[in-house]
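One structure below.
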There are 2 protein chains.
Amino acid sequence: MMLIMLQLRDLPTPEVLQKFAERYPDADVTAIASFLNLLRVATELSLALDACLSKHDLLQGRWWVLILLMREERLSSTPSILAEKTGVTRATMTGLIDSLEQGGLVVRVFDKADRRSVIVKLTDAGQAKLDVVMPDYYRRLRQCMQGLDVTKREELNQILGLIQLGIPALI
Amino acid sequence: MMLIMLQLRDLPTPEVLQKFAERYPDADVTAIASFLNLLRVATELSLALDACLSKHDLLQGRWWVLILLMREERLSSTPSILAEKTGVTRATMTGLIDSLEQGGLVVRVFDKADRRSVIVKLTDAGQAKLDVVMPDYYRRLRQCMQGLDVTKREELNQILGLIQLGIPALI
DNA sequence: TCATTATAGTTAGCCTCCTAACTATGTCAA
DNA sequence: TTGACATAGTTAGGAGGCTAACTATAATGA
C-alpha cells in the first residue's frame, strides 16, 4: 500500500468554507470538512509509516510485497498476482521485484509449467528482514492506535464502510 | 493535497492476521485492521478525487494551489507560502506554478518590495476554471458523503483527532 | 561598512508511480 | 493445424514527488 497526497497543512477555516459555500451553493460544509480531515490524517499516517519502514531500507511498495509472499504457504507468488493484490501495475511490480531481488530478499525462479511466467519467492534473508521489521511496525502501530478503544475502532470501520459506498459517486 | 499509496486490494483476513499475531506477539489485531482500512479507503478517495479533477485537466497539486489563491483577499500569494500550505517543497511548487502559468491560470509578478520574491496571482481564467471545477467537485462530494449524517461526521472527526495524536509514536 | 548568514526561487538529478508498446508463450476454434 | 486472440513479463518514456546545490537578494552584527 502506498499513498501520496498533498499534506493539506492549511485546512479551510469555517469562515473560508462559508465564503466558498456562498459562491458555490452545492458545497456541503460538514461533508467537505470531514473529507479533507480524512485525507489529511491518512496522508500523515502514510508518511509516518514510510518513515518507520525507511529505517529498515524499505518503503510501502517493497514491504507489502514481502508481506504478501510471507502469507503464502510456499512463500511464493507471481508478479501478476502480486501486482493485482497491491494495486500497482505489472510494470511497477517488475521494478519492485527488481529492487527486492537486488537486495537478496526475493528470488525469481522460472516456472516450468508456464514458460511465460515467473515465480517470486521470499528468501531466508527476506523472512529475516520481516522478522525485524514487523515487530517494530506492530509495536509502533499499537502505540499509535492506543487512544482508540475497540468500540471506537469498530465505529471507524463502520464509517469507513459507509464512505466507501459513496466513492463511485465521486469519480 | 495529494496522496499516493498502494491500494491494498488484499487486506489481511482474520486468519492471516491471527497467523501473523502468533509469529509477532506485538501485533494488535484490531489496531492493524482499522489502520489498514483507513489507509485503503483514503487512498481510494484520493484516486477518485484525482479522477474527478482530471476531467478538468487538473490534479490535486495544481487544484489546491488555485484554491489557496482564491482564498486570499488579493487572489495572490508567494511560492514559499503556497509550498508551506500545501505541504510540498518549494522545488515542487516551482513546477506546479510553471504548469499553471503555462495554462494561463496564474501569473508570476515580480515583487518590487523584495526582489528575491515573486507574487503568484490567480488570473480571470484561473477563477473561471475554479467556477467550473468547484461546483462539480462539491456536487460529487456531497453525494459521496451523503451516507454519513452529521453525527457520524462528527464521530469521524473525533476519531481522526485521536489517531492524529498517535502519529508521532509511529514515526 | 562589509562579511556572514538567512531567505526566495530555481535547477539538476533521483525515485516510484503510470501508460503504451513490445516479446514470448499459451489457448482456442475454424 | 494454424491463425487469432489472450496472458506474463519487461521496457521505454512521461509525470510529479523529493533532496541538494545553486543564484540572487536581504538582513544582521562585529
Side-chain angles (χ1 to χ4, degrees), chain A residues 1-9 43-44 46-47 49-51 53-54 57-65 76-103 106-120, chain B residues 1-9 43 46-47 49-51 53-54 57-65 76-103 106-121:
Chain A
M1 170 172 23
M2 182 181 54
L3 178 154
I4 298 175
M5 117 186 191
L6 292 187
Q7 290 174 71
L8 196 50
R9 295 214 175 108
T43 299
E44 289 184 15
S46 179
L47 291 172
L49 176 58
D50 273 336
L53 295 176
S54 66
D57 205 27
L58 287 176
L59 288 178
Q60 290 179 55
R62 293 194 297 273
W63 174 67
W64 200 244
V65 170
S76 58
S77 186
T78 70
S80 293
I81 294 172
L82 291 169
E84 204 281 328
K85 289 186 175 175
T86 53
V88 299
T89 61
R90 284 173 300 150
T92 298
M93 187 51 64
T94 294
L96 290 175
I97 293 168
D98 280 349
S99 65
L100 286 170
E101 190 169 35
Q102 209 162 353
V106 307
V107 284
R108 280 182 171 96
V109 184
F110 293 109
D111 184 345
K112 288 156 190 166
D114 183 342
R115 303 203 313 175
R116 291 170 306 181
S117 191
V118 166
I119 293 167
V120 182
Chain B
M1 171 170 24
M2 184 183 55
L3 175 154
I4 299 176
M5 120 185 191
L6 291 186
Q7 290 175 70
L8 197 49
R9 296 215 175 108
T43 298
S46 178
L47 292 172
L49 176 57
D50 273 336
L53 295 176
S54 66
D57 206 27
L58 287 176
L59 287 178
Q60 289 179 54
R62 293 194 296 274
W63 174 67
W64 200 243
V65 171
S76 59
S77 186
T78 70
S80 293
I81 294 173
L82 292 169
E84 204 281 328
K85 288 185 174 176
T86 53
V88 300
T89 61
R90 284 174 299 150
T92 297
M93 187 52 63
T94 294
L96 290 175
I97 294 168
D98 280 349
S99 64
L100 285 170
E101 190 168 35
Q102 208 161 351
V106 306
V107 284
R108 282 182 170 95
V109 185
F110 293 108
D111 185 343
K112 287 158 190 165
D114 182 342
R115 304 204 312 174
R116 291 170 303 180
S117 191
V118 166
I119 293 168
V120 181
K121 191 165 180 354

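All figures in this text were calculated on a predicted structure; none of them were measured in a lab. Naming convention: chains lettered A, B, ... in sequence-line order (proteins, then strands); numbering from 1 in each chain. Below, all heavy atoms of this structure are taken into account, side chains as well, without hydrogens, waters or symmetry copies.
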Measure [atom1]/[X] against [atom2]/[N] and give the value in whole Å, please.
X: A:Arg115; N: D:dA8; atom1: CZ; atom2: C1'; answer: 13 Å
X: A:Asp50; N: C:dC15; atom1: CG; atom2: P; answer: 16 Å
X: B:Trp64; N: D:dG17; atom1: CH2; atom2: C1'; answer: 18 Å
X: A:Gln60; N: D:dC18; atom1: CD; atom2: P; answer: 15 Å
X: A:Leu82; N: D:dA8; atom1: CG; atom2: P; answer: 13 Å
X: A:Asp111; N: C:dT25; atom1: CG; atom2: C1'; answer: 12 Å
X: A:Phe110; N: C:dA24; atom1: CZ; atom2: P; answer: 14 Å
X: B:Leu58; N: D:dA15; atom1: CG; atom2: P; answer: 16 Å

Looking only at heavy atoms, which two atoms of [X] and [Y] are closest? And how far apart?
X: B:Val65; Y: B:Leu100; result: CG1-CD1, 3.6 Å
X: B:Arg115; Y: B:Lys112; result: CG-O, 4.3 Å
X: B:Thr86; Y: B:Met93; result: OG1-CE, 3.4 Å

Charged N-O contact under 4.0 Å between A:Asp98 and A:Arg108 |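 Looking at A:Arg108 together with A:Asp98, the answer is yes, because their closest N to O distance falls below 4.0 Å.
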
Enclosure of B:Asp57 CG (heavy-atom neighbours >12, cutoff 6.0 Å) = no

Atom pairs, protein N/O to nucleotides 5-9 of chain C N/O, distance under 3.5 Å:
{"from": "C:dT7", "atom 1": "O2", "to": "B:Arg116", "atom 2": "NH1", "distance (Å)": "3.0"}
{"from": "C:dA8", "atom 1": "N7", "to": "B:Arg90", "atom 2": "NH1", "distance (Å)": "3.4"}
{"from": "C:dG9", "atom 1": "OP1", "to": "B:Ser117", "atom 2": "OG", "distance (Å)": "3.3"}
{"from": "C:dG9", "atom 1": "OP1", "to": "B:Val118", "atom 2": "N", "distance (Å)": "3.0"}
{"from": "C:dG9", "atom 1": "OP1", "to": "B:Val118", "atom 2": "O", "distance (Å)": "3.1"}
{"from": "C:dG9", "atom 1": "OP2", "to": "B:Ser80", "atom 2": "N", "distance (Å)": "2.8"}
{"from": "C:dG9", "atom 1": "OP2", "to": "B:Ser80", "atom 2": "OG", "distance (Å)": "2.4"}
{"from": "C:dG9", "atom 1": "N7", "to": "B:Arg90", "atom 2": "NH1", "distance (Å)": "2.7"}

Could you tell me whether the phosphate oxygens of C:dC17, OP1 or OP2, come under 4.0 Å of any side-chain nitrogen or oxygen in A:Thr92?
->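 Answer is no, no contact under 4.0 Å.
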
Is any side-chain heavy atom of B:Ser76 less than 4.5 Å from a side-chain heavy atom of B:Ile119?
-> yes

Would a 4.5 Å heavy-atom cut-off, applied to side chains only, mark B:Gln60 and B:Ser46 as touching?
->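 Of all side-chain heavy-atom pairs linking B:Ser46 with B:Gln60, at least one is under 4.5 Å.
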
Rounded to the nearest 0.5 Å, how far does OG of A:Ser117 lie from CD1 of A:Ile81?
-> 7.5 Å

Distance from B:Lys121 atom NZ to B:Thr78 atom OG1, nearest 0.5 Å?
->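 Here the interatomic distance stands at 14.5 Å.
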
Please give the angle, rounded to 10 degrees, between the axes at the start and the end of the helix from C:dT1-D:dA30 to C:dA30-D:dT1, where five pairs define each axis.
-> 10°

With DNA chain D as reference, determine whether B:Ser99 or B:Ala91 sits nearer its 5' end, using the nearest nucleotide of each.
-> B:Ser99

5′-ward residue of the pair A:Gly95/A:Ala113 relative to DNA chain C |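 Nearest-nucleotide comparison on DNA chain C picks A:Gly95.
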
